[in-house]
Amino acid sequence: MATAGKVIKCKAAVAWEPNKPLVIEEIEVAPPEANEIRIKIVATALCHTDLYHLLESMQPQGFPTVLGHEGAGIVESVGPGVSEYQQGDKVIPLFISQCRQCHFCKSPRSNQCDLLAYSKAGIARHDAMAPPTSRFTCKGKELLQFVGTSTFSEYTVVNEMAVAKIDPMAPLDKVCLLGCGICTGYGAAVNTAKVEPGSTCAVFGLGAVGMAAVMGCKAAGAKRIIGIDINPEKFEKAKVFGATDFVNPKDHDKPISQVLIEMTKWGVDFSLECVGNVSVMRSALESCVQGYGVSVIVGWTDLRDIAIRPNQLISGRTWKGSTFGGFKGRDAVPQMVKVYMDKKLMLDEFITHHMTLDQINDAIELMKQICARCEDCKKHLQ
């Protein structure tokens with residue numbers, strides 16, 4: 001391409017400071033350096049983790065930044081040393097890298113990656129908001145790259161260890177959802193909880209991640225899938241993905257864990273917390289059957305500690321956490337794209353709006369209006 005090796009000027013939604021609207025700016029995107037790939041972003045989704053960083057974490061050191069981490073695009077150019085990717089490839093950037101060489105990448109028990117945490121060119125690890133270096137500048141200032149991806153830009157630069165090459169026929173405006181939310185919820189059920197055929201599951205929070213968790217429970221063969229949310233409008237939608245029962249905590253004057261135990265006699269076999277609230281995490285654990293129940297924390301937050309009575313675990317329950325659904329991105333995301341292309345995975349049904357980059361703040365307002373992580377939710381989903 002004619003732009004290879006040159007600085008590209010393009011539009012991006014810049015978060016200059018916490019809790020402020022994003023600003024559409026012209027930014028400069030430098031050429032990829034060694035082992036890096038510059039990607040033309042074709043489609044990106046809005047994930048609550050973007051809002052969490054902007055509105056809840058309130059970390060000034062994480063700004064200015066370009067948010068976005070659930071995107072898909074086309075390789076514009078590659079840096080020295082890149083051999084697996086070439087111009088024109090369809091790809092999905094990954095917020096968790098897969099070097100395929102470190103201790104974690106070689107282990108079948110983890111999808112974490114350690115190598116790039118120490119790389120000068122490094123992509124951020126899953127627990128970091130930005131890598132130490134950036135290829136973005138605007139008005140003479142360096143912009144941080146959110147979790148190493150920054151898909152709210154027309155172009156971005158990503159380390160090759162954090163890129164999944166996908167089917168050239170895949171529709172990018174659909175498969176971009178596999179960059180975070182769908183894999184996160186689906187994999188939490190299938191990979192982390194390891195939901196069993198004939199089991200009873202409870203999914204707390206029916207946002208995109210929760211709906212994907214419902215879909216994962218169904219794919220794993222769960223017989224009963226209970227969706228829990230304070231928005232009754234989500235219940236019909238959850239049926240599409242496989243939910244069989246619904247509970248609105250507002251309809252009860254007792255803890256939701258007690259409601260679920262009464263519904264199931266002993267408690268659910270598996271519960272998945274997809275809200276990102278520590279009180280709900282505890283409720284999800286307490287909803288599980290004693291002796292062998294498994295509860296998975298899926299929703300992201302690091303603002304508060306979790307408190308639990310030891311006997312809840314001593315009695316035999318298992319409490320687990322899941323990042324990106326346990327998927328090793330470079331290997332698994334192309335497979336998830338294939339499953340979608342084979343019409344064995346729903347993606348289209350998750351899409352509610354089509355908006356332009358210029359409408360990003362409108363999209364944020366829409367998410368804030370429907371998001372389950374409101375004060376009402378924090379009170380009722382316990």
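Residue numbers count from 1 along this sequence.
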Trainee: I'd like to know if the side chain of Asn159 and the backbone of Ala162 have a donor-acceptor N/O pair within less than 3.5 Å.
Mentor: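 No; zero donor-acceptor contacts below 3.5 Å.
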
Trainee: Counting C-beta onward and ignoring hydrogens, is there a side-chain heavy-atom pair between Met336 and Leu345 closer than 4.5 Å?
Mentor: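 Sidechains of Leu345 and Met336: in contact.
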
Trainee: With a 3.5 Å distance limit and no angle check, can you tell me whether His48 reaches the backbone of Met367 through a side-chain donor-acceptor pair?
Mentor: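 Between the backbone of Met367 and the side chain of His48 there is no qualifying donor-acceptor contact (under 3.5 Å).
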
Trainee: Same hydrophobic cluster for Val240 and Ile225, using side-chain heavy-atom links shorter than 4.5 Å among ILVMFWY?
Mentor: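 Same hydrophobic cluster.
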
Trainee: Are Val268 and Leu285 linked, directly or through other ILVMFWY residues, by side chains that come within less than 4.5 angstrom of each other?
Mentor: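 Each belongs to a different hydrophobic cluster.
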
Trainee: With sequence neighbours left out, write down each residue that passes side-chain contact (heavy atoms from CB on, under 4.5 Å) with Trp266, or none if nothing qualifies.
Mentor: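 With sequence neighbours excluded, Trp266 shows a side-chain contact (heavy atoms from CB on, under 4.5 Å) to Val289, given in chain and number order.
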
Trainee: For the CD atom of Gln369 and the CG atom of Leu366, what is their distance to the nearest 0.5 Å?
Mentor: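 The CG atom of Leu366 is 5.5 Å from CD of Gln369, to the nearest 0.5 Å.
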
Trainee: So Val247 and Val259, do their side chains get closer than 4.5 Å, heavy atoms only?
Mentor: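 In short, these two side chains touch, coming nearer than 4.5 Å.
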
Trainee: According to side chain to side chain donor-acceptor pair (under 3.5 Å), does anything in residues 179-204 pair up with another residue at least two apart or in another chain? List the pairs.
Mentor: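 Every pair satisfying side chain to side chain donor-acceptor pair (under 3.5 Å) with a residue in residues 179-204: Thr192-Ser322.
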
Trainee: Minimum heavy-atom separation for Gly329 and Pro334, please, with both atom names.
Mentor: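 Minimum heavy-atom contact is O-CD, 3.6 Å.
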
Trainee: Let me see the working for Thr151 and Thr44 under side chain to side chain donor-acceptor pair (under 3.5 Å), right down to the final yes or no.
Mentor: CA-CA 6 Å; Thr151 58; Thr44 185; 2.8 Å; yes

Trainee: Taking all heavy atoms of Arg304 and all of Val278, pick out the closest pair and write down the distance.
Mentor: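 Smallest interatomic distance, heavy atoms only, reads O-CG1, 3.7 Å.
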
Trainee: Do the non-hydrogen side-chain atoms of Leu303 and Glu56 ever get within less than 4.5 Å of each other?
Mentor: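 A side-chain contact under 4.5 Å exists here.
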
Trainee: Under 3.5 Å, sequence neighbours excluded: what are the donor-acceptor pairs made by side chains of residues 163-171?
Mentor:
{"residue": "Lys165", "atom": "NZ", "partner": "Glu84", "partner atom": "O", "Å": "2.8"}
{"residue": "Asp167", "atom": "OD1", "partner": "Met169", "partner atom": "N", "Å": "2.8"}

Trainee: Do the side chain of Ser107 and the main chain of Arg109 share a donor and acceptor less than 3.5 angstrom apart?
Mentor: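 Present.
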
Trainee: Any salt bridge linking Lys139 with Glu25? Criterion: basic side-chain nitrogen under 4.0 Å from a carboxylate oxygen.
Mentor: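 Here Lys139 pairs with Glu25 in a salt bridge, since their nearest N and O are under 4.0 Å apart.
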
Trainee: Where the side chain of Ser97 meets the backbone of Cys99, is there a donor-acceptor pair that is under 3.5 Å apart?
Mentor: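 The answer is no, because no donor-acceptor pair under 3.5 Å joins these two groups.
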
Trainee: Main chain of Gln145, side chain of Thr149: is a donor-acceptor contact present, judged purely on distance under 3.5 Å?
Mentor: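 The answer is no, because no donor-acceptor pair under 3.5 Å joins these two groups.
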
Trainee: Which distance, rounded to the nearest 0.5 Å, do you find between the CH2 of Trp16 and the CG of Leu22?
Mentor: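 Rounded to the nearest 0.5 Å, the CH2-CG separation comes out at 12.0 Å.
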
Trainee: Flag the pair Arg38 and Glu76 as a salt bridge only when some basic side-chain nitrogen lies within less than 4.0 angstrom of an acidic carboxylate oxygen.
Mentor: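 Result for this pair is yes, salt bridge flagged.
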
Trainee: Kindly work out whether a path of hydrophobic side-chain contacts (I/L/V/M/F/W/Y, heavy atoms less than 4.5 Å apart) joins Phe136 to Ile360.
Mentor: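 Hydrophobic grouping puts Phe136 with Ile360.
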
Trainee: Once side chain to side chain donor-acceptor pair (under 3.5 Å) is applied, do any residues pair with Asp358, and if so which ones, sequence neighbours excluded?
Mentor: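 If we apply the side chain to side chain donor-acceptor pair (under 3.5 Å) test to Asp358, skipping adjacent residues, the hits are Lys11.
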
Trainee: Taking all heavy atoms of Asp50 and all of Gly68, pick out the closest pair and write down the distance.
Mentor: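 Answer, listing the atom of Asp50 first, then Gly68: OD1-N, 3.0 Å.
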
Trainee: Ile261: which residues meet the side-chain contact (heavy atoms from CB on, under 4.5 Å) condition with it, sequence neighbours left out?
Mentor: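 None.
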
Trainee: With side chain to side chain donor-acceptor pair (under 3.5 Å) as the rule and sequence neighbours excluded, what pairs involving residues 309-318 come up?
Mentor: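 Passing the test, one end in residues 309-318: Gln312-Arg317, Ser315-Arg317.
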
Trainee: Do Ile39 and Val157 have side chains that get closer than 4.5 Å, going by heavy atoms?
Mentor: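 Answer no - side chains too far apart.
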
Trainee: Applying the 4.5 Å side-chain criterion to the ILVMFWY set and letting contacts propagate, would Val23 and Val29 be lumped into a single cluster?
Mentor: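 They do share one cluster, since a chain of ILVMFWY contacts under 4.5 Å joins Val23 to Val29.
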
Trainee: List the atom of Glu142, the atom of Thr137, and the distance in Å for their closest heavy-atom pair.
Mentor: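 The answer is CA-CG2, 4.2 Å.
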
Trainee: Quick check on side chain to side chain contact (heavy atoms under 4.5 Å, CB included): which of Val275, Thr323, Val209 does Val298 satisfy it with?
Mentor: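 Of all the options given, the one that passes is Val209.
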
Trainee: Identify, with sequence neighbours excluded, every residue that meets ring-ring contact (aromatic ring centres under 6.0 Å, His included) alongside Phe241.
Mentor: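 If we apply the ring-ring contact (aromatic ring centres under 6.0 Å, His included) test to Phe241, skipping adjacent residues, the hits are Phe350.
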
Trainee: Please name all residues satisfying ring-ring contact (aromatic ring centres under 6.0 Å, His included) with Phe324, sequence neighbours left out, ordered by chain then number.
Mentor: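 Scan of Phe324 (ring-ring contact (aromatic ring centres under 6.0 Å, His included), adjacent residues dropped) gives Phe95.
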
Trainee: Of the non-hydrogen atoms in Ala238 and Phe246, which two are nearest, and what is the gap between them?
Mentor: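 Shortest heavy-atom contact: CB-CE2, 3.6 Å.
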
Trainee: Does the Glu286 side chain pair with the main chain of Ser283, one donor and one acceptor, at a distance under 3.5 Å?
Mentor: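 No; judged by distance alone, with no hydrogens or angles, the pair does not exist.
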
Trainee: Please enumerate all residues that pass side-chain contact (heavy atoms from CB on, under 4.5 Å) together with Pro232, with sequence neighbours excluded.
Mentor: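 By the side-chain contact (heavy atoms from CB on, under 4.5 Å) rule, Pro232 matches Phe235, Asn248.
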
Trainee: So, Asn277 side chain and Ser279 main chain: donor-acceptor pair closer than 3.5 Å or not?
Mentor: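 Flag set: sc Asn277 to bb Ser279 pair under 3.5 Å.
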
Trainee: Quick test of your reading of the model: are Lys368 and Glu365 salt-bridged, counting only N-O distances below 4.0 Å?
Mentor: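 Yes, Lys368 and Glu365 are salt-bridged.
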
Trainee: Within this structure, what is the OG-CD1 distance for the pair Ser271 and Ile256, rounded to the nearest 0.5 Å?
Mentor: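 Ser271 atom OG to Ile256 atom CD1 measures 11.5 Å (nearest 0.5 Å).
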
Trainee: Which residues satisfy the salt bridge (Lys or Arg N to Asp or Glu O under 4.0 Å) test with Asp245, sequence neighbours excluded?
Mentor: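 If we apply the salt bridge (Lys or Arg N to Asp or Glu O under 4.0 Å) test to Asp245, skipping adjacent residues, the hits are Arg224.
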
Trainee: Please determine whether side-chain contact (heavy atoms from CB on, under 4.5 Å) holds for the pair Trp319 and Ile297, giving the CA-CA distance in whole Å, both sets of side-chain angles, and the decisive distance to 0.1 Å.
Mentor: CA-CA 8 Å; Trp319 214 1; Ile297 297 172; 3.6 Å; yes

Trainee: Does Asn111 use its side chain to pair, donor to acceptor, with the backbone of Lys328 at less than 3.5 Å?
Mentor: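 It does not hold such a pair.
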
Trainee: So which pairs with a foot in residues 347-357 pass side chain to side chain donor-acceptor pair (under 3.5 Å), sequence neighbours left out?
Mentor: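 Qualifying pairs: Tyr340-Asp348, Thr356-Gln359.
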
Trainee: Measure the spacing between CD1 of Ile27 and OH of Tyr155 and express it to the nearest 0.5 Å.
Mentor: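 Here the interatomic distance stands at 11.5 Å.
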
Trainee: Please check if the side chain of Glu154 supplies one atom and the backbone of Lys40 the other of a donor-acceptor pair under 3.5 Å.
Mentor: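 Judged by distance alone, no pair lies under 3.5 Å.
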
Trainee: When you compare the side chain of Ile228 with that of Pro249, does any pair of heavy atoms fall below 4.5 Å?
Mentor: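 When only atoms from C-beta onward are counted, Ile228 and Pro249 do touch, with a gap below 4.5 Å.
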
Trainee: Side chains of Gln87 and Val78, heavy atoms from C-beta outward: is any pair under 4.5 Å?
Mentor: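 No; the side chains remain at least 4.5 Å from each other.
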
Trainee: Kindly give the heavy-atom pair with the smallest separation between Ala193 and Phe270, and that separation in Å.
Mentor: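 Closest approach of Ala193 to Phe270: O-CE2, 3.3 Å.
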
Trainee: Would a 4.5 Å heavy-atom cut-off, applied to side chains only, mark Cys201 and Ile226 as touching?
Mentor: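 Heavy-atom side-chain distance check fails, nothing below 4.5 Å.
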
Trainee: Answer yes if Val280 and Ile308 sit in the same cluster of Ile, Leu, Val, Met, Phe, Trp and Tyr residues linked by side chain heavy atoms under 4.5 Å apart, and no otherwise.
Mentor: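 Each belongs to a different hydrophobic cluster.
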
Trainee: Compare all side-chain heavy atoms of Leu46 with those of Phe152 and state whether any distance is below 4.5 angstrom.
Mentor: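 Heavy-atom side-chain distance check passes, below 4.5 Å.
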
Trainee: Output yes when a side-chain donor or acceptor of Gln98 lies under 3.5 Å from a complementary backbone atom of Asp331, and no otherwise.
Mentor: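 Yes; judged by distance alone, with no hydrogens or angles, the pair exists.
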
Trainee: Nearest 0.5 Å, please: how far is CZ in Phe204 from OG in Ser295?
Mentor: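 Reported to 0.5 Å precision, the distance equals 7.5 Å.
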
Trainee: About how many Å separate NE2 of His69 and OG1 of Thr156, when rounded to the nearest 0.5 Å?
Mentor: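 If I round to the nearest 0.5 Å, the distance is 13.0 Å.
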
Trainee: For Glu262, give me all partners under side-chain contact (heavy atoms from CB on, under 4.5 Å), at least two apart in sequence or on another chain.
Mentor: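 Scan of Glu262 (side-chain contact (heavy atoms from CB on, under 4.5 Å), adjacent residues dropped) gives Lys254, Gln258.
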
Trainee: Where do Leu177 and Ile351 land on the side-chain contact (heavy atoms from CB on, under 4.5 Å) test, with the steps shown first?
Mentor: CA-CA 9 Å; Leu177 296 174; Ile351 300 172; 3.9 Å; yes

